[in-house]
Colleague: 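Sending over a structure as structure tokens; questions will come in a sec.
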Amino acid sequence: TQYLSKPYNNIFYNPFSENNGNLILVSNDNGVFNIPLEKENNYIWEDYLEIGNYDEAVNICEKINPGLIKKIKRASAEEYYEKGRGYKAAKDFSISDEKFETVCILYLMKNDYKNLKKYLTDYSNSNLDMKQNVTQFMLVTFLLFNIYLKENKKIMKNSDIEDNSLNKENIELMEQNKTSLENFSKFIKENKDFLNKEMVYQILKSNGRMEEFIEYATIMQDYDKVIL
């Protein structure tokens, strides 16, 4: 210890260390010394987090404490959101420890339904155990249902044009409409058990979506609704 009490001249990692680089060489007027680094990763992830190197912070925490990854993802999501990168923010928010309601409000305030849908979809896939969180999953499903409906309504409005000629623009709109309706139908089939049936009927009917109304009634085997 007395030899190291004097100021050192140089400090660098020992490239010949058998401990995966966890030794440093310190030199001063008294000589060169090997010093082991213990539990360095327990704290260095915070330095990476502070400078915005989120990937490296995650890599370290995967080894020492995976529970910290949610905190890192919240920080990265907040930065992406502030910079207007809503899609990447949605991906990171979905696996972060940020409150569900807070994220939804952030996107709803900007009417950013596209990235809200991304967040809800990823969130439901990565965070929810349906048997233990049925109420929350029903909320997620209902929000997604309304977003799908809003998207379809927008596409159908754009497709309702006076010029019915099969030009490139009209064909693309027709394909978008077809794909959107297929996705909507698939979503209903996959999540029918988590949607409030009467509320779905009311929303579809009030929006004039009789095609989806009939399809939903058929899926639910409500044949009296189909006849009506």
Colleague: Looking at residues at least two apart in the chain, or sitting in another chain, which of them share a side-chain contact (heavy atoms from CB on, under 4.5 Å) with N183?
Modeller: Y148, T179

Colleague: Would you please name every residue forming a salt bridge (Lys or Arg N to Asp or Glu O under 4.0 Å) with E56, sequence neighbours left out?
Modeller: none

Colleague: With N65, which residues qualify under side-chain contact (heavy atoms from CB on, under 4.5 Å), at least two apart?
Modeller: L68

Colleague: The criterion is side chain to side chain donor-acceptor pair (under 3.5 Å); which residues satisfy it with T141, sequence neighbours excluded?
Modeller: none

Colleague: Kindly compute the distance separating OG1 (T135) from CZ (F194), expressed to the nearest 0.5 Å.
Modeller: 11.0 Å

Colleague: For a quick test of reading the model, state the closest non-hydrogen atom pair linking A90 to N115 and the distance between them.
Modeller: CB-O, 3.5 Å

Colleague: Heavy-atom distance under 4.5 Å between the side chains of V200 and M220, does that happen here?
Modeller: no

Colleague: Do other residues, nucleotides or ligands put more than 12 heavy atoms under 6.0 Å from the CD atom of E50?
Modeller: no

Colleague: Quick one, C104 and L120 - any side-chain contact, counting heavy atoms below 4.5 Å?
Modeller: yes

Colleague: How many angstroms lie between atom CD1 of I188 and atom NZ of K186, to the nearest 0.5 angstrom?
Modeller: 13.5 Å

Colleague: Keeping to residues at least two apart or across chains, list the ring-ring contact (aromatic ring centres under 6.0 Å, His included) pairs with something in residues 83-114.
Modeller: Y81-Y107, F100-Y123

Colleague: Please test E215 against S185 for side-chain hydrogen bond (donor to acceptor under 3.5 Å, both in side chains), starting from the C-alpha separation and ending with a verdict.
Modeller: CA-CA 8 Å; E215 182 173 0; S185 299; 3.0 Å; yes

Colleague: I'd like to check the salt bridge (Lys or Arg N to Asp or Glu O under 4.0 Å) partners of K110; sequence neighbours left out, ordered by chain and number.
Modeller: none

Colleague: Under the ring-ring contact (aromatic ring centres under 6.0 Å, His included) rule, collect the residues that match up with F142, sequence neighbours excluded.
Modeller: none

Colleague: Hydrophobic side-chain clustering at under 4.5 Å (ILVMFWY, transitive links): who's grouped with M109? Put none if nobody.
Modeller: I105

Colleague: Within this structure, what is the CG-OG1 distance for the pair L143 and T121, rounded to the nearest 0.5 Å?
Modeller: 11.0 Å

Colleague: Please state whether the rings of F213 and Y201 are parallel, tilted or perpendicular, taking 30° and 60° as the class boundaries.
Modeller: tilted

Colleague: In terms of heavy-atom contacts, does CD of Q202 have more than 12 from other residues, nucleotides or ligands at under 6.0 Å?
Modeller: no

Colleague: Using the ring-ring contact (aromatic ring centres under 6.0 Å, His included) rule, collect all pairs that involve residues 52-80, keeping only residues at least two apart or in two chains.
Modeller: none

Colleague: OG/S76 to CG/D55 distance, rounded to the nearest 0.5 angstrom?
Modeller: 8.5 Å

Colleague: Find the distance between CG (L204) and CE (M199) and round it off to the nearest 0.5 Å.
Modeller: 12.0 Å

Colleague: Would a hydrophobic clustering, with Ile, Leu, Val, Met, Phe, Trp and Tyr connected at side-chain separations under 4.5 Å, put Y48 with I95?
Modeller: no

Colleague: Would you mind listing every salt bridge (Lys or Arg N to Asp or Glu O under 4.0 Å) that reaches into residues 95-108, with sequence neighbours excluded?
Modeller: R74-D97

Colleague: Distance from L116 atom CG to I147 atom CD1, nearest 0.5 Å?
Modeller: 4.0 Å

Colleague: Just grab all the salt bridge (Lys or Arg N to Asp or Glu O under 4.0 Å) pairs involving residues 111-121, residues at least two apart or on different chains.
Modeller: K117-E151, K118-D122

Colleague: Between L49 and W45, is any pair of side-chain heavy atoms under 4.5 Å apart?
Modeller: yes

Colleague: Among residues at least two apart in sequence or on other chains, which ones pass salt bridge (Lys or Arg N to Asp or Glu O under 4.0 Å) with D193?
Modeller: none

Colleague: Go through D47 and I51 one step at a time and tell me if the side chain to side chain contact (heavy atoms under 4.5 Å, CB included) criterion holds.
Modeller: CA-CA 6 Å; D47 295 328; I51 64 175; 6.0 Å; no

Colleague: Would you call K83 and E79 a salt bridge, taking side-chain N to carboxylate O under 4.0 Å as the test?
Modeller: yes

